[in-house]
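Below: the structure, in structure tokens.
Within every chain, numbering begins at 1; the chains are lettered A, B, ... in the order of the sequence lines, protein sequences first and strands thereafter.
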There are 2 protein chains.
Amino acid sequence: MTDTGLPASIEAAWGAQRPTRGPKRALSLDRIVAAAVAVADADGLDALSMSRVAGELGTSAMSLYRYVSAKDELLTLMTDAIFIDAAAVTSSDWRPALTELAWGCLRAYRAHPWAVRIPISGPPVTPHQLRWLETGLAVLSPTPLTAAEKMSTLLLISGMARNDATLANDLGAQDNLMPTYAQTLGRILPPQDFPHLLAILTTPVMTQDDHPDVEFAWALARILDGLAALITTKSE
Amino acid sequence: MTDTGLPASIEAAWGAQRPTRGPKRALSLDRIVAAAVAVADADGLDALSMSRVAGELGTSAMSLYRYVSAKDELLTLMTDAIFIDAAAVTSSDWRPALTELAWGCLRAYRAHPWAVRIPISGPPVTPHQLRWLETGLAVLSPTPLTAAEKMSTLLLISGMARNDATLANDLGAQDNLMPTYAQTLGRILPPQDFPHLLAILTTPVMTQDDHPDVEFAWALARILDGLAALITTKSE
DNA sequence: CGAAAGTGCGTACGAGATAAACAGTGAGGG
DNA sequence: CCCTCACTGTTTATCTCGTACGCACTTTCG
């Protein structure tokens with residue numbers, strides 16, 4: 001492996017070999033990332049400071065900088081770690097397999113709501129994310145789609161999962177948010193300018209929070225329908 | 001308008017009336033938000049500090065807190081301001097109209113790349129964003145979709161625009177990023193474990209950056225195809 | 001015409017990321 | 001065998017930034 005241009009911590013996530021000199025390390029990247037994920041799961045991204053993570057591990061903040069050169073890298077590794085189980089696929093048909101991939105992705109985001117708030121810093125370079133992509137390409141390989149179309153499909157699906165999780169988390173954080181929200185809108189909207197929005201507020205759909213899975217399943221079905229149409233066309 | 005539960009700055013964005021007592025204000029919310037947007041456009045979100053924005057306006061940082069109670073509110077207003085022209089629609093057919101809305105949304109994100117990095121803090125409560133939603137609902141009102149389906153459709157589309165902009169901005173920031181990226185992957189991927197990914201790297205699709213608009217148009221077409229199928233089904 | 005509400009702003013504090021310097025450690029070359 | 005030096009964890013210090021607080025000034029209403 002020649003120079004990859006990647007930060008050392010990312011290379012370490014791929015299992016780069018350690019130098020042999022010097023004292024043994026007291027920690028490991030995995031433990032640090034796991035601790036960081038635990039902190040974020042427990043108290044959110046705002047509570048995720050280097051000192052807090054170090055505290056959980058019983059060391060000092062600066063120790064972490066022997067493993068990660070900046071907090072951003074830690075965040076990148078965290079967003080990779082949550083996808084360990086996202087690429088599990090049982091079917092070999094493209095449609096059910098893509099469905100599994102989509103839900104795997106969504107499951108990761110749902111289990112770790114903070115992940116969607118971490119800005120994407122570049123193209124995927126971490127193991128689990130690339131594993132997900134690889135699996136997706138494998139699943140789509142029997143289809144007549146072009147390489148670009150396969151890529152677009154996967155980016156669309158992962159983006160949709162990310163997007164759905166964003167909405168589900170930030171919108172549905174509180175329990176009876178929708179009634180409150182409807183009330184707020186009812187009070188702030190100039191009535192004559194927003195007729196459709198005001199009308200929909202009285203719909204039971206808006207006043208009760210429906211299960212977020214339904215929304216995702218619906219959107220996914222739309223996309224896969226569109227894709228199926230394209231595949232059928234290209235197959236003829 | 002009784003109590004909306006919204007921050008004062010958001011109510012101000014809706015044109016709430018000012019108290020009459022006290023000296024006249026030297027600034028206005030609009031000017032502050034515009035200055036903040038200009039800073040972010042010029043130097044990115046990282047350069048956006050309260051003092052920087054105040055500096056551009058010739059006042060002190062703390063003055064801004066008379067208009068906005070926290071930086072988060074300023075960010076919220078910034079993400080609203082960029083959508084001024086996003087809801088312009090000429091057609092009344094649902095498909096072309098939705099296309100216009102989608103591109104309007106994407107245009108906003110493309111013109112202000114930093115916007116996608118601002119975490120969503122809750123359901124939309126700001127004028128331009130709700131205007132976009134209202135327009136979308138109006139456009140979909142002749143269709144046989146349920147209220148929930150209309151809402152899902154619009155959230156899916158706006159999410160897709162956001163998502164596409166995220167990718168386009170963060171991935172394509174540099175000019176010849178793709179060749180570099182392909183090289184990086186080629187060096188970091190364990191060859192036997194990622195056959196499809198490695199194979200696609202040699203595809204011209206991946207080695208040259210294609211116009212990002214193509215990707216969005218493609219994904220949008222998939223979604224609208226899926227939607228059209230549903231509408232046809234429900235119409236019978 | 002005061003009081004009260006409202007304004008801009010200087011000061012100060014606290015949190016947090018991280019650079020720099022330092023003392024201990026242990027594998028490999030002589 | 002031991003010394004060297006790459007490597008380790010840590011302590012201390014710095015710098016940036018958001019924002020609470022309080023002060024002095026300015027309007028308008030009772």
Exercise. Looking at B:Thr20, does any N or O in its side chain come under 4.0 Å of the phosphate oxygens OP1/OP2 on D:dC29?
Worked result: yes
For this session: Classify the nucleic acid contact of A:Arg52 as base, sugar-phosphate or nothing, counting any heavy atom under 4.0 Å across all strands shown.
Result: nothing
The criterion is side-chain contact (heavy atoms from CB on, under 4.5 Å); which residues satisfy it with [X], sequence neighbours excluded?
| X | answer |
| --- | --- |
| A:Glu134 | A:Arg131, B:Phe194, B:Pro195, B:His196, B:Leu197 |
| A:Pro127 | A:Ala13, A:Trp14, A:Asp80 |
| B:Ala12 | B:Leu29 |

Which residues in [range] have a heavy atom closer than 4.0 Å to any atom of DNA chain C?
| range | result |
| --- | --- |
| residues 23-38 of chain A | A:Pro23, A:Lys24 |
| residues 40-49 of chain A | A:Leu48, A:Ser49 |
| residues 54-77 of chain B | B:Thr59, B:Ser60, B:Met62, B:Ser63, B:Arg66, B:Tyr67 |

Could you list the donor-acceptor pairs under 3.5 angstrom formed between side-chain atoms of residues 31-45 of chain A and any protein atom two or more places apart in sequence or on another chain?
residue, atom, partner, partner atom, Å
A:Asp41, OD1, A:His112, ND1, 2.8
A:Asp41, OD1, A:Trp114, NE1, 2.6
A:Asp41, OD2, A:His112, ND1, 3.1
A:Asp43, OD2, A:Arg52, NH1, 3.1
A:Asp43, OD2, A:Arg52, NH2, 2.8

Would you mind writing out the side-chain donor-acceptor pairs for residues 57-68 of chain B within the sub-3.5 Å range, not counting sequence neighbours?
residue, atom, partner, partner atom, Å
B:Ser60, OG, B:Ser63, OG, 2.9
B:Ser63, OG, B:Ser60, O, 3.2
B:Tyr67, OH, B:Leu27, N, 2.9
B:Tyr67, OH, B:Leu27, O, 3.4

Exercise. To the nearest angstrom, how far is B:Arg21 atom CZ from D:dT28 atom P?
Worked result: 10 Å
Would you tabulate the side-chain donor-acceptor contacts of residues 150-157 of chain A under 3.5 Å, counting partners in other chains and residues two or more places apart, or write 'none'?
residue, atom, partner, partner atom, Å
A:Ser152, OG, A:Ala148, O, 3.0
A:Ser152, OG, B:Glu215, OE1, 3.4
A:Thr153, OG1, A:Glu149, O, 2.7

For this session: Using heavy atoms to find the nearest nucleotide of DNA chain D for B:Gly22 and A:Arg18 separately, return the residue whose nucleotide is more 5′.
Result: A:Arg18
Exercise. Among all residues two or more places apart in sequence or in another chain, which pass the salt bridge (Lys or Arg N to Asp or Glu O under 4.0 Å) test with B:Arg110?
Worked result: B:Asp164, B:Asp213
For this session: Go through the structure and list residues passing side-chain hydrogen bond (donor to acceptor under 3.5 Å, both in side chains) with A:Asn163, not counting sequence neighbours.
Result: none
For this session: Quick one: list whatever passes side-chain hydrogen bond (donor to acceptor under 3.5 Å, both in side chains) with A:Ser9, sequence neighbours left out.
Result: A:Glu73
Exercise. When rounded to the nearest 0.5 angstrom, what is the spacing between CD1 in B:Ile200 and CG in A:Leu137?
Worked result: 4.5 Å
